[in-house]
Amino acid sequence: MSTDPVGRFLTALDPEHREAISAKPREEQEQLAAAWERELESDTELDSLDELSPAAAEAEAARRVLARGAGSDLSG
């Protein structure tokens, strides 16, 4: 598993969104990855999910990041 936040974020995305985010500038990818990491750290619901399935928690956090502000045009 990648330790690079952008790589981990991209891995958590579904294939369609992964391709779209990969096409964005590295700076934007880093901003989204940072928002994703904050989501993982701050949301207590994800803590419970993480205990059951870390991959599912990461995917849910990625969906939430894309559904908000930056990336909302990709969440459809």
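One is the number of the first residue; the rest follow in order along the sequence. This structure is a prediction, so every number in the text was calculated from the model and none was measured.
Taking the charged nitrogens against the carboxylate oxygens, D43 and R63 have no contact shorter than 4.0 Å, which rules out a salt bridge. A salt bridge does not link E41 with R38: none of the charged nitrogens is closer than 4.0 Å to a carboxylate oxygen.
With hydrogens and angles disregarded, a donor-acceptor distance shorter than 3.5 Å links the side chain of Q29 to the backbone of K24. Under a 3.5 Å cut-off, the side chain of W36 and the backbone N or O of E58 do form a donor-acceptor pair.
For the pair L40 and A61, the tightest heavy-atom approach, listed with the atom from each and the gap, is CD2-CB, 3.7 Å.
To the nearest 0.5 angstrom, R8 atom CZ is 11.5 Å from L10 atom CG.
Looking at R68 and E39, their side chains come closer than 4.5 Å, going by heavy atoms from C-beta outward. The closest side-chain heavy-atom distance from R18 to P15 is below 4.5 Å.
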